[in-house]
Amino acid sequence: KKKEKYAVRPFFLPRAVTMYKAKLLDYLNDLGVNRSAGKLILRARDRFLTELNGDEFEWDWARFADCCEFLESLELPDISKPLVLQPFQLWIIALVYARCERGKPGIPATKLLMVEAGRGAGKTAFSAALIVYEAISNHKKITVDIASIGVRQSHISTSFAQNFFFFFF
């Protein structure tokens with residue numbers, strides 16, 4: 001059975017929205033309590049929770065869940081297993097796709113995403129998966145520039161994704 005997309009936001013939250021959002025909020029509430037985190041991460045968490053409860057941004061949790069479901073449906077070719085999103089990656093996705101400019105639904109408040117993490121944190125695969133989602137979910141209109149930065153300065157640009165997308169599709 002083909003999965004239907006909502007043309008209009010439903011009055012109820014689909015199960016995926018509730019599940020991913022709950023997983024994200026559990027992670028944020030655990031930071032500094034059951035999970036160690038530095039001062040900058042804790043300040044970023046506090047700012048995010050303040051924005052979440054404020055009225056500066058609109059929140060598109062359906063798009064957030066759509067991105068999460070898409071990414072977790074991808075299979076990593078090097079290990080032949082599906083991508084499993086880590087809680088910190090859910091936070092990144094929420095900042096990019098759930099947080100929207102007030103009065104402009106569907107327009108992310110985040111225009112530039114730089115993923116900076118230690119080696120082996122999965123930033124390259126995650127960034128590449130986000131670029132694929134960005135390319136196919138917006139009908140060839142890239143709204144976020146994505147870069148992955150680590151010890152070896154791996155950089156993935158949207159211009160590469162656009163050229164790749166237009167070349168093969």
| task | Mind listing the closest non-hydrogen atom pair of Phe126 and Leu71 along with its distance? | result | CE1-CD1, 4.0 Å
| remark: Closest heavy-atom pair, Arg35 versus Pro87, reported as atoms and distance to 0.1 Å, is NH2-CG, 3.9 Å
| note | Residue set satisfying salt bridge (charged side-chain N to carboxylate O under 4.0 Å, His left out) with Glu58, at least two apart, ordered chain then number -> Arg102
| request: Kindly give the heavy-atom pair with the smallest separation between Ala37 and Gly32, and that separation in Å. | output: CB-N, 4.3 Å
| said: Run the salt bridge (charged side-chain N to carboxylate O under 4.0 Å, His left out) test against Lys39 and tell me which residues pass, sequence neighbours left out. | reply: none
| With sequence neighbours left out, what residues match Glu72 under side-chain hydrogen bond (donor to acceptor under 3.5 Å, both in side chains)? | Tyr20
| field | Test ring pair (Phe, Tyr, Trp, His ring centres under 6.0 Å) applied to Trp91 and Phe88, step by step | value | CA-CA 5 Å; Trp91 189 10; Phe88 81 92; 9.3 Å; no
Do any side-chain atoms of residues 23-30 form donor-acceptor pairs under 3.5 angstrom with protein atoms, and if so which ones, sequence neighbours left out?
unit_1	atom_1	unit_2	atom_2	d
Asn29	ND2	Leu25	O	3.0
Asp30	OD1	Asn34	ND2	3.3

| said: Which label fits Phe70 and Tyr133: parallel for a plane angle under 30°, tilted from 30 to 60°, or perpendicular past 60°? | reply: tilted
| remark: salt bridge (charged side-chain N to carboxylate O under 4.0 Å, His left out) filter on Arg99, not counting sequence neighbours, yields Glu51
| message | Please report the interatomic distance CG(Leu85) to CD(Glu69), rounded to the nearest 0.5 Å. | response | 11.0 Å
| remark: Heavy-atom nearest pair, Trp61 first then Ala94, reads CZ3-CB, 4.1 Å
| query | Can you tell if the side chain of Asp60 reaches within under 4.5 Å of the side chain of Pro108, non-hydrogen atoms only? | reply | no
| Atom CD1 of Ile92 and atom OH of Tyr97: how far apart are they, to the nearest 0.5 Å? | 12.0 Å
| task | Mind listing the closest non-hydrogen atom pair of Leu130 and Cys67 along with its distance? | result | CD2-SG, 3.9 Å
| request: Not counting sequence neighbours, which residues clear ring-ring contact (aromatic ring centres under 6.0 Å, His included) with Phe57? List them please. | output: none
| At what distance, to the nearest 0.5 angstrom, does OG1 of Thr50 lie from CZ of Arg45? | 10.0 Å
